[in-house]
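I have placed the structure first, in the form of structure tokens, so that the comments after it can refer back to it.
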Amino acid sequence: MLYPVSNTDRTVLDLDGTWKFKVEDEQHPVDVTQPLVTTTFMAVPASFNDQTVDPAIRQHDGFFWYERDFSIMHALQDQRLVLRFGSVTHEAWVFVNGIEITHHKGGFTPFEVVLNDHLIPGKNRLTVKVSNLLDHTTLPVGNYHETTDADGRVTRHVDENFDFFNYAGIHRPVKIYTTPRHFISDITIVPTVDFTTGTAAVTVTATGEGLDLTTTICDAAGQAVATVDPTTHMATIPHAHLWQPGNAYLYTAHVTGTRSGEVIDQYDEPFGIRTVEVKAGQFLINNQPFYFKGFGKHEDTYVNGKGLNQAYNVLDINLMKQMGANSFRTSHYPYSDEMMRLCDREGIVVIDETPAVGLMTRFDFNMDAVVQPDFNDGTWTKMKTEAAHRQVIHEIIDRDKNHACVVMWSIANEAANYSLGAHEYFAPLFQLARQLDPQKRPLTYVGEIQASPAADKSSDLVDVLALNRYYGWYLDTGDLPAAETHLRAELQAWQKLYPDKPIMFTEYGADTIAGVHSAYGEPFSEEYQTDYYRTYSKVFDEMPSFVGEQLWNFADFQTKFGIQRVQGNKKGIFTRAREPKQAVQYLSERWHNIPDFGYKTKK
Ligand code: BDP
């Protein structure tokens, strides 16, 4: 899927701003044929939840309406006009002038619809009905129930089966972009590199309706350096300038569509030349063993909630670079197009995760139960998420396939991989992702602590073992020596089980209240968080096939209410306002001393 751009053949109209907003009263349904009657407004893009001071709106589970008007200038009316939503969380029904023109389910991926046949002269009315409901068929997974009172009034309730607040709304930009009637519809780029000669072979496959397509590759200065062969779709670039972590270099595939020799459409797709491969216990980027240093994150900021916040995105990457970090995971859903494009430009390495979080029916730490070979908690019969999972794997790969920053796909976070049925559920999804990704990136899922070497039933599917572990927090609370022993034992067991699979941590952390200090290193203090990270670092450094550390979490973030959460999850090494806690200093020193490449060499 191409990102909307302006050039001499295309333009982009921006529909962001302040829209009319209304919470649906299901007893008095909205008449979509009439303008929305409301006195409430919401900024777009943003979550609606923290823009209101009315708790009933903030906490409402159900349906919401957004509306605004737009007009298309005469000069554009013969163009193909495409309405595109960067994301609407979690389900959207889109109406133009009271007529439904598209529907999309899945809160973290873009969707679009051609508008031309739905427009009337002059002012047009764009209405979006949004649902924030989640259940056992959706990703993320929610526990849904509803009650009906004596008057027939239905109250819906979603209990998040995951640890972040269920922010909702029109989260990412709304645009109308134009293309000519004959247009370039997609571009797929696959780079390969001969490391002995430094020559890159780049396959660029462009598709377009009714056009003859040609592609030129331009370097970062805009100079043409190669032409794509129309038969093989291949371009050869001698002395290719590689995209490297922390040292991005972007080429552009300049695609031109002509009819009878006349240029009709053009599109510039930026891309990096880099390779990714898992081999003999190493994660190779550009044929060099890479070490991940960084974070699990969230899209989560004050007021905007999960809505796009570009200033925070820029700041977060600057903070990462200042610390010597090189990577993050888009925990627990695909992030905005804008963030992915920024990471391409900044040389930040990304593990791109689907919104498959909450695929478990129980949450306890009964490690003895789960190691039974026939352990079955019913997750894989209870959850009906397969269709949503397949859909989002299609969508995330379609959207992000060309991004140099994306080096691995994470198919799920903390599923019940220890329960019978896990392998049967995941095997076809891994197969699908492997088949769809043109760059054949490595795949993983992120495993939670109960999915130990003895209990995990599907770890054979992953290319990299990505582990979330909380020894010293949820287990061995406050006891770092015990945490160290357990951590070491588990990592040794994984290495023994899979001597050739790289292992990395995708979560480890301790809730820490900024400003709480303790001479005894008590849990929740800044000292404990630092000591916790020191303990883990020591064990990581002993393990030869350990290829990376992504801690939990970059910053404090909002969650649902719960007795373990005081205004959210406090495992950030930055506060929600991005003020550093003490651990930042320790981790910065450590990460500046760990090179991006060659830190671990397999013995
Ligand atoms: C893991 C989850 C993550 C949570 C974290 C925690 O993957 O979403 O926020 O633990 O408990 O279970 O802080």
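In this text the structure is predicted, and so the values were computed from the model without any measurement. Only heavy atoms go into these numbers, but all of them, side chains included; no hydrogens, no water, no symmetry mates. Counting starts at 1 for both ligands and their atoms, in listed order. The residues of the chain are indexed from 1 along the displayed sequence.
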We want to know whether [X] and [Y] form a side-chain donor-acceptor pair, criterion being a heavy-atom distance below 3.5 angstrom.
X: Q495; Y: S545; result: yes
X: S47; Y: H171; result: yes
X: E338; Y: N313; result: no
X: N468; Y: T506; result: yes

Considering only protein heavy atoms, which is closest to [atom], and at what distance to one decimal place?
atom: atom 4 (C) of ligand 1; value: D163 OD2, 3.3 Å
atom: atom 2 (C) of ligand 1; value: E507 OE1, 3.3 Å
atom: atom 13 (O) of ligand 1; value: K571 NZ, 2.5 Å
atom: atom 12 (O) of ligand 1; value: E414 OE1, 2.5 Å

Ligand 1 versus [X], non-hydrogen atoms closer than 4.0 Å: side chain, backbone, both, neither?
X: N569; answer: side chain
X: N468; answer: side chain
X: W552; answer: side chain
X: E448; answer: neither

Close-contact set for ligand 1 against [X] heavy atoms, below 4.0 Å:
X: N413; answer: 7 (O)
X: H332; answer: 3 (C), 7 (O), 8 (O)
X: F557; answer: 9 (O)
X: R565; answer: 6 (C), 11 (O), 13 (O)
X: Y474; answer: 6 (C), 11 (O), 13 (O)

**OP:** Search all heavy atoms of F164 against all heavy atoms of P140 and return the closest pair with its distance.
**Re:**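 Shortest heavy-atom separation between F164 and P140 comes out as CZ-CG, 4.2 Å.
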
**OP:** Look at the aromatic rings of H104 and F111 and report parallel, tilted or perpendicular, splitting at 30° and 60°.
**Re:** parallel

Please confirm whether the backbone N or O of [Y] pairs with a side-chain atom of [X], one donor and one acceptor, at under 3.5 Å?
X: D61; Y: V158; result: yes
X: R576; Y: T301; result: yes
X: Y470; Y: E448; result: no

Original post:
Distance under 6.0 Å and angle within 45° of the ring axis: does R534 meet both against Y586?
Top reply: yes

Original post:
Would you say H298 and ligand 1 have an N/O pair spaced under 3.5 Å apart?
Top reply: no

**OP:** Give a yes/no verdict on whether any heavy atom in Y470 is under 4.0 Å from an atom of ligand 1.
**Re:** yes

